[in-house]
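These notes concern the structure reproduced below.
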2 protein chains.
Amino acid sequence: MAEPGTGRDPEAVSKFVESFAAQLVEAGMQRMPARVFAALLSSDSGSLTSAELGDQLQVSPAAVSGAVRYLAQQHMVSREREPGSRRERYRVHSNQWYEALTNRDAVIKRWEIALREGVDSLGAATPAGRRLAETLAFFEFIDGEITRMMQRWWAHREKLYGEG
Amino acid sequence: MAEPGTGRDPEAVSKFVESFAAQLVEAGMQRMPARVFAALLSSDSGSLTSAELGDQLQVSPAAVSGAVRYLAQQHMVSREREPGSRRERYRVHSNQWYEALTNRDAVIKRWEIALREGVDSLGAATPAGRRLAETLAFFEFIDGEITRMMQRWWAHREKLYGEG
DNA sequence: CGCTGTATTCAGAAATTTGTGAAGATAAGG
DNA sequence: CCTTATCTTCACAAATTTCTGAATACAGCG
């Protein structure tokens, strides 16, 4: 439980970071990106520098660099250059993070492509081809649904939090 | 493109299996389970024996055994014992496969647990705590949506294919 | 310009994962 | 029961992944 008025408890933060990262790893994310992401998510400002991350997670600058590159590619964090400084800040925007999850979109799109090729090369009239075609239809359906689901989420969020 | 009347072209099948498996791997699945799954998905009967899998994929019985155990745990395939035989058949049911994708449910549930602990230990009134709480709210929302989305899929599927 | 703080790249050490062969377990059928 | 077909488990070798330290590149500042 949080201790009021005592500021952040680094140990509690670390415990959350490691346990949440572990869940992300189990879901298929690489360890270091998962830890970096969890650390950002649980920071008060929502952003940390490379040094802060390296210090908090006890890893080398190289590891931070690699993890951040990965997360940026996945659009899960953005980079900010502090004006007039060489230091960079890595930030998690809530909505970026949602969109990224959604952007399993990109993954689904590639599955769809592979499935279409499969239907074509095995033959749409064969039993296997029909199975692939149905799977393809499922993903095409999901695709459209996800967009609408996200729209509903934003409406729902607004009810919970206001325009925030 | 399919060659009508010539039966299945093993090379075309293999090409699809490997390319679809590669996409699954990229999405985080282990290589062997991905290959086994793709092979089952693209079989005409929707089911194969261990020997058939080992032969088609050029891997040892041990590898097949491990992959199948994993897939069964994820509810992506079911095992069938052919009556009066020692051989087992591994089968992909379309709906099992959909449900399994959905059963990222289980993953989401664990994320929710970790997030709740984070909100509690960092303090719901802190900026970090609020961020975690919002993320938690997102997953809780998604959770409910997915169920309804699957219901709509079954209705949609029926329109496409009939009761089949 | 050169100095300095910061970020990236790269080769390689360490850890982890993956697949194999061989041994062991299980169950059908004589 | 004993034999045999099949599946599973396990120790280990190979391949892959992950992280580090050191070298390198970059950008701001005097």
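Proteins come first, then strands; the chains are lettered A, B, ... in the order of their sequence lines, and each starts at number 1.
Residue-level contact check: A:Gly66 touches neither bases nor backbone, having no heavy atom under 4.0 Å from any strand. Within the 4.0 angstrom heavy-atom criterion, no nucleotide atom of any strand lies near A:Val68. Among the protein residues, B:Arg35 comes within range of no part of the nucleic acid, since none of its heavy atoms lies under 4.0 Å from any strand.
Rounded to whole Å, atom C1' of C:dA7 lies 13 Å from atom CG of A:Leu53. For the pair B:Gln58 CD and C:dT20 C1', the computed distance is 14 Å after rounding to whole Å. Atoms CZ (B:Arg81) and C1' (D:dT6) sit 8 Å apart, rounded to a whole Å. The separation between B:Glu82 atom CD and D:dA5 atom C1' is 13 Å, rounded to whole Å. Rounded to an integer number of Å, the gap from B:Arg31 CZ to D:dA15 P is 14 Å. Taking atom CG of residue A:Asp55 and atom P of nucleotide C:dA7, one finds them 13 Å apart after rounding to whole Å. Taking atom CG of B:Leu57 as the reference point, atom P of C:dT18 lies 16 Å away to the nearest angstrom.
Residue order along DNA chain D, read from the 5' end via each residue's closest nucleotide, puts B:Thr49 first among B:Thr49 and A:Arg86. The residue among B:Val64 and A:Pro61 whose nearest nucleotide of DNA chain D lies closer to the 5′ end is B:Val64.
Using a 30° and 60° split on the angle between ring planes, B:Phe20 and B:Phe16 fall in the parallel class, below 30°. Ring pair A:Phe139/A:Trp111 is perpendicular by interplanar angle, where above 60° counts as perpendicular and below 30° as parallel.
For A:Ala63, taking side-chain heavy atoms from C-beta onward, the closest of the listed nucleotides D:dT9, D:dT20, C:dG19 is D:dT20. Listed nucleotides: C:dT8, D:dC7, C:dA22. Nearest to the side chain of B:Ala62: C:dA22. The side chain of B:Met32 lies closest to C:dG19, out of C:dG19, D:dC7, C:dT6.
Contact of B:Arg69 with D:dT8 (side chain to base): no donor-acceptor pair of N or O atoms is detected under 3.5 Å.
Side-chain contact of B:Ser47 with B:Arg89: a donor-acceptor pair under 3.5 Å is present, judged by distance alone. The closest side-chain donor-acceptor pair between B:Thr49 and B:Arg87, if any, does not fall under 3.5 angstrom.
Taking 4.0 angstrom as the limit, B:Arg79 places a side-chain polar atom (N or O) nearer than this to OP1 or OP2 of D:dT8. Distances shown here put a side-chain N or O of A:Ser50 below 4.0 Å from the OP1 or OP2 atom of C:dA7.
The cluster map of Ile, Leu, Val, Met, Phe, Trp and Tyr, joined by side-chain heavy atoms under 4.5 Å apart, puts A:Trp153 and B:Leu132 in the same cluster.
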